[in-house]
Amino acid sequence: MASFVEISRYNLIPLSVTSLCGCPCRLLSNKTLIPTRRTPKLKLNFVFHGSKSVFRVRPTSIYVNRRLITAVARAEPESIDESNAEEEVDQGTVLPTTKDSFSELQHKSSQLRKRIVFGLGIGISVGGAVLAGGWVFTVALAAAVFLGAREYFELVRSRGITAGMTPPPRYVSRVCSVICVFMPILTLYFGNIDISVTSAAFVVATALLMQRGNPRFAQLSSTMFGLFYCGYLPCFWVKLRCGLAAPALNTRIGAGWPFLLGGQAHWTVGLVATLISFSSIIAADTYAFLGGKAIGKTPLTNISPKKTWEGAIVGLGGCIATSVVLSKIFSWPASLVSAIAFGFLNFFGSVFGDLTESMIKRDAGVKDSGSLIPGHGNYSWS
């Protein structure tokens with residue numbers, strides 16, 4: 001609290017409480033009062049600011065000696081200024097942190113909304129393509145294959161991977177992307193994938209051998225893996241959806257399916273198996289992400305340090321549970337053991353694809369391989 005000493009008639013000098021107690025204070029020469037002559041009497045009043053009540057000491061006779069009185073000024077205001085300065089510094093450090101955390105929270109909520117919106121849109125579109133089957137499903141898959149092949153060859157040509165290998169020429173990468181697009185179409189047309197894979201490998205090998213300069217084995221290996229990973233493996237979705245044409249007679253949904261949309265014969269084993277596979281893979285990724293965020297501690301592999309064993313176990317459980325529940329709804333597969341085994345296969349297939357993509361991204365030095373779908377492209381199980 002600030003106090004004042006009233007000397008003589010209305011001369012107010014700030015006086016610190018600490019100075020009255022005899023504690024050391026900083027003295028300023030321009031605020032020091034040194035009387036030159038003996039003053040007969042002084043009126044001394046103490047006024048304490050900071051409370052409603054005012055305490056006054058009755059006037060007393062005080063003889064001021066030259067060595068007796070020194071007025072201490074600015075002791076209390078300096079401490080107030082220091083506290084204000086510290087408060088300003090604290091505010092200066094706290095406010096930007098609060099602002100940054102708020103903006104980060106807004107960014108995360110925005111990313112979550114994007115994931116939900118685009119996830120629902122993709123789910124509806126994929127579900128419609130799977131239900132349609134035939135050329136609709138195959139063409140939609142071919143479009144997804146083209147995007148995946150383009151992303152793969154862009155990663156192969158990135159700065160991180162090219163530092164240790166020679167990438168294939170750009171025209172070879174484009175030719176391979178086009179070949180990957182035709183693989184699912186040729187699979188549906190011919191009924192198998194042997195001819196498409198053999199033809200693609202021959203064309204790519206010939207193009208690499210006929211290029212100018214010295215062909216490298218790294219070019220051939222990265223290109224062949226791209227054909228296998230982006231073109232050959234997706235062809236099995238065509239084999240699964242369109243190849244298993246036997247009707248799922250025990251499916252209740254098929255019994256009430258409209259005749260204009262194909263009737264009960266539209267619900268084949270391939271359709272049911274594809275729906276269960278898609279749903280199980282999505283459930284595995286979702287449960288692994290949530291489980292890793294909640295209890296993930298043990299890293300799964302060095303390829304992707306953020307993936308954890310706890311998240312993988314939770315994802316496996318969610319994948320199997322989804323497979324079992326959908327098998328009861330669609331009445332396929334008939335046995336519980338087959339449904340559990342089907343869930344195992346879907347989970348390990350999804351983990352293989354996810355870790356392979358993580359390995360490619362790690363060597364390429366990128367975080368997200370996909371830029372087409374906002375909010376998607378990177379999931380970690382921790």
Side-chain angles (χ1 to χ4, degrees), residues 119-145 147-148 183-184 187-188 191-193 228-254 257 262 266-289 312-357 370 373 376 379 381:
L120 290 176
I122 293 173
I124 295 173
S125 302
V126 171
V130 172
L131 286 174
W135 286 104
V136 176
F137 175 76
T138 304
V139 171
L141 181 64
V145 165
L147 296 176
M183 279 189 181
T187 301
L188 179 64
N192 55 65
I193 55 178
F228 169 78
Y229 184 69
C230 301
Y232 176 77
L233 292 181
C235 292
F236 283 94
W237 286 113
V238 178
K239 294 286 290 183
L240 180 65
R241 172 63 183 92
C242 305
L244 299 178
L249 300 176
N250 297 326
T251 304
R252 302 173 186 175
I253 300 177
W257 194 251
H266 182 75
W267 284 84
T268 61
V269 174
L271 172 58
V272 174
T274 305
L275 288 175
I276 295 177
S277 296
F278 274 47
S279 302
S280 300
I281 292 173
I282 294 173
D285 197 17
T286 303
Y287 279 98
F289 176 76
I313 293 173
V314 174
L316 176 61
C319 183
I320 293 175
T322 303
S323 178
V324 170
V325 170
L326 292 179
S327 68
K328 297 299 181 182
I329 296 175
F330 295 119
S331 300
W332 187 93
S335 64
L336 179 63
V337 177
S338 299
I340 294 175
F342 195 55
F344 264 105
L345 291 176
N346 288 320
F347 176 75
F348 285 110
S350 66
V351 171
F352 168 78
D354 200 355
L355 292 180
T356 303
E357 183 183 2
I373 306 171
H376 291 262
Y379 288 96
W381 303 346

Fill in: Listed partners of Ser338 passing side chain to side chain donor-acceptor pair (under 3.5 Å), at least two apart
Ser335
Fill in: Nearest atoms (heavy-atom pairs only) where Leu141 meets Pro184
CD2-CB, 4.3 Å
Fill in: Over all atoms of both residues, closest heavy-atom pair of Asn346 and Cys319
CB-SG, 4.1 Å
Discussion item. I'd like to know if the side chain of Ser323 reaches the main chain of Ala339, judged simply by a donor and an acceptor atom lying under 3.5 Å from each other, with no hydrogens or angles considered.
Written reply: yes
Discussion item. Enumerate the side chain to side chain donor-acceptor pair (under 3.5 Å) contacts for residues 232-254, please, sequence neighbours excluded, ordered by first and then second residue.
Written reply: none
Discussion item. Just so I know, are the side chains of Phe137 and Leu131 near enough to count as touching, which here means a heavy-atom distance under 4.5 Å?
Written reply: no
Item to complete: Measure the spacing between OG of Ser277 and CD1 of Ile282 and express it to the nearest 0.5 Å.
Response: 11.0 Å
Worksheet item: In Å, rounded to the nearest 0.5 Å, how long is the span from SG of Cys242 to CG of Leu271?
Response: 10.0 Å
Discussion item. Using modelled atom types and a 3.5 Å cut-off, is there a donor and acceptor pairing between side-chain atoms of Ser327 and backbone atoms of Val324?
Written reply: yes
Worksheet, complete the sentence: Rounded to the nearest 0.5 angstrom, the CD1-CG distance for Ile340 and Leu345 is 12.5 Å
Worksheet item: What closest approach, in Å, do Ala129 and Val136 show between heavy atoms, and which atom pair accounts for it?
Response: CA-CG1, 4.4 Å
Practice prompt. Hey, could you give me the CG/OG distance between Leu326 and Ser331, rounded to the nearest 0.5 Å?
Written response: 11.5 Å
Practice prompt. Please report the shortest heavy-atom distance between Gly254 and Trp267, naming the atom on each side.
Written response: CA-CD1, 3.5 Å
Fill in: Separation between OG1 of Thr268 and CG of Leu249, rounded to the nearest 0.5 Å
11.0 Å
Worksheet entry | Straight-line distance of Phe347 CZ to Ile313 CD1, nearest 0.5 Å | 9.0 Å
Discussion item. Between Ser279 and Ile276 (side chain of the first, backbone of the second, donor and acceptor by atom type, cut-off under 3.5 Å), is there such a pair?
Written reply: no
